[in-house]
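In this text, all values refer to a predicted model and were calculated from it rather than measured experimentally.
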Amino acid sequence: MTVLPLLNRIAAATAVSEVWDLAVSYFADCGFARANYGFTRFRHAGSIGDPDDALYLTSFSPEYSHFYFRDGFYARTPLYRWAVENEGICTWRWVEEHMAAGTLRPDEAEAVRQNARLGLRAGLTISFPEASQRQKGALGLAADPGLDHDAVDAILRDKGPGLEAVAHMMHLKNCQLPLSTRRRPLSARQREALEWVADGKTTQDIALLMGVSPAMVEKHLRLARAALDVETTAQAVAKGTLLNQIFLLPKANLPANPDHPIPPLSN
């Protein structure tokens with residue numbers, strides 16, 4: 001797949017799932033059919049915040065993705081720590097070298113052994129540069145069976161710039177699109193009510209604008225607060241904006257709860 005047309009297709013995509021499918025197809029062509037991607041806007045210190053507010057996409061099997069993200073395995077991996085503390089590309093040779101030197105934490109060393117038993121040894125991780133200290137995204141690419149660290153190094157020498165460009169375009173596009181997290185998505189009326197609040201309208205104003213009663217406006221706002229797991233309407237406006245779930249263009253595709261789950265990496 002030629003990189004430049006692919007970048008244009010990703011830039012024109014209107015849904016996270018479309019962006020992911022395009023990128024994963026390219027990664028597979030490069031020798032990395034298994035990928036994990038995570039993105040959060042609610043990072044705090046070494047934590048990603050509430051996992052339900054993060055985006056997690058994977059081309060691994062459902063069994064591994066459940067174990068990896070929902071059971072919190074990712075947080076015990078040395079490459080998770082590396083991605084939180086660094087930006088750029090790290091091949092998984094780094095893990096092997098630190099494992100041999102005995103410099104990994106006990107839980108990290110055990111995570112490496114668990115992945116090794118599953119045949120996950122070679123690959124690379126990309127930690128994306130971010131404009132906000134609360135935001136973090138990372139991508140883990142597991143090398144196809146039969147490929148070792150030397151093979152990964154060879155792929156990077158041959159296809160590294162294109163692979164990085166696709167990964168970065170994927171991440172930047174995802175930052176623009178409505179994020180499909182594990183929370184219940186806002187309804188169209190809930191989004192509209194929050195948008196009018198953001199414009200400074202009162203409950204009475206919003207009732208007139210939406211053609212409903214003030215009580216119905218309050219119901220929409222209450223349900224929006226519940227869907228976003230916040231206490232106040234101001235918090236709902238802020239969080240809905242961070243997740244790109246309000247002020248959507250008509251063509252924007254706001255998905256329901258995703259099947260493929262949410263942050264990063266592997267190994």
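W82 CH2: more than 12 foreign heavy atoms inside a 6.0 Å radius. Within a 6.0 Å sphere centred on CD of E231, other residues, nucleotides and ligands contribute 12 heavy atoms or fewer. More than 12 heavy atoms of other shown residues, nucleotides or ligands fall within 6.0 angstrom of atom NZ in K201.
For the atom pair I155 CD1 and L124 CG, the distance stands at 8.5 Å (nearest 0.5 Å). Distance CD/E192 to CD1/I206: 9.0 Å, rounded to 0.5 Å. From T91, atom OG1 reaches atom CD1 of I126 across 11.5 Å, with rounding to the nearest 0.5 Å. Distance check: L221 CG to T233 OG1 gives 5.0 Å after rounding to the nearest 0.5 Å. L163 CG to I89 CD1: the interatomic distance, rounded to the nearest 0.5 Å, is 7.0 Å.
Cation-pi check for K159 over Y26 is not met; the charged atom does not lie both under 6.0 angstrom from the ring centroid and within 45 degrees of its normal.
For T2 (side chain) and P5 (main-chain N/O), no donor-acceptor pair under 3.5 Å exists by modelled atom type. A donor-acceptor contact shorter than 3.5 Å is absent between the side chain of N36 and the backbone of G140. With hydrogens and angles disregarded, a donor-acceptor distance shorter than 3.5 Å links the side chain of S65 to the backbone of S61. Put simply, the side chain of T125 never gets that close to the backbone of C90: no donor and acceptor are under 3.5 Å apart. Within the 3.5 Å criterion, the main-chain N or O of T14 finds a donor-acceptor partner in the side chain of E18. Judged by distance alone, the side chain of T58 and the main-chain N or O of F60 form a donor-acceptor pair under 3.5 Å. In this structure, D144 contributes its side chain and A33 its backbone to a donor-acceptor pair below 3.5 Å. For the pair K173 (side chain) and H168 (backbone), a donor-acceptor distance under 3.5 Å is absent. The closest donor-acceptor contact from the side chain of R189 to the backbone of M210 lies under 3.5 Å. Between the side chain of Q190 and the main chain of S187, a donor-acceptor pair closer than 3.5 Å is present.
Classification of K239 and D53 as a salt-bridged pair holds, one side-chain N sitting under 4.0 Å from a carboxylate O. Ion pairing between a basic and an acidic side chain is recognised when a charged N comes within 4.0 Å of a carboxylate O; D153 and R93 show such pairing. Between R105 and D107 there is a salt bridge, since at least one side-chain N of the basic residue sits less than 4.0 Å from a carboxylate O of the acidic one. Salt-bridge annotation for R117 and E110: present, with a side-chain N of the basic residue lying under 4.0 Å from a carboxylate O of the acidic one.
The shortest heavy-atom contact between V237 and I246 is O-CD1, 3.8 Å. Contact detail for A83 and A138: the closest heavy-atom pair is CB-CB, 4.0 Å.
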Are I48 and Y80 close enough, and set up right, to give a side chain to side chain contact (heavy atoms under 4.5 Å, CB included), and what steps lead you there? CA-CA 10 Å; I48 67 166; Y80 172 77; 3.4 Å; yes
Show your working on side chain to side chain donor-acceptor pair (under 3.5 Å) between T203 and E218 and close with a plain yes or no. CA-CA 7 Å; T203 300; E218 291 293 350; 3.2 Å; yes
Would L228 and L243 count as a side chain to side chain contact (heavy atoms under 4.5 Å, CB included) here? Give the steps. CA-CA 10 Å; L228 293 166; L243 294 173; 4.1 Å; yes
Would you please test L139 and F128 for side chain to side chain contact (heavy atoms under 4.5 Å, CB included) and show each step? CA-CA 8 Å; L139 172 71; F128 300 106; 4.0 Å; yes
Residue pair R81, L104: steps toward the side chain to side chain contact (heavy atoms under 4.5 Å, CB included) verdict: CA-CA 10 Å; R81 173 168 57 87; L104 300 181; 4.0 Å; yes
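Considering only heavy atoms from C-beta on, R43 stays 4.5 Å or farther from S132 through its side chain. Using a 4.5 Å heavy-atom cutoff, the side chains of P78 and W94 are in contact. Inter-residue side-chain proximity for L79 and Y74 is flagged as unmet; no heavy-atom pair is nearer than 4.5 Å. Counting only heavy atoms from C-beta outward, the side chains of M170 and Y37 approach each other to under 4.5 Å.
Transitive grouping of hydrophobic side chains (ILVMFWY, heavy atoms separated by less than 4.5 Å) keeps V3 and L172 in distinct clusters. There is a path of hydrophobic side-chain contacts, each under 4.5 Å, that joins L209 to V217. Cluster annotation: W196 and L208 are assigned to distinct hydrophobic clusters (Ile/Leu/Val/Met/Phe/Trp/Tyr, side-chain heavy-atom contacts under 4.5 Å, transitive). Following chains of ILVMFWY side-chain contacts shorter than 4.5 Å, one cannot reach V197 starting from L223, and the two form parts of different hydrophobic clusters.
Classification of the F73-Y64 ring pair by plane angle, with boundaries at 30° and 60°, yields perpendicular. Ring geometry, F39 versus H171: the interplanar angle exceeds 60°, so the pair is classed perpendicular (tilted spans 30 to 60°).
Judged purely by distance below 3.5 Å, without hydrogens or angles, the side chains of E108 and T77 never pair a donor atom with an acceptor atom. Residues T232 and R225 have side chains that never bring a donor and an acceptor to within less than 3.5 angstrom of each other. Using modelled atom types and a 3.5 Å distance limit, the side chains of N86 and S127 yield no donor-acceptor pair.
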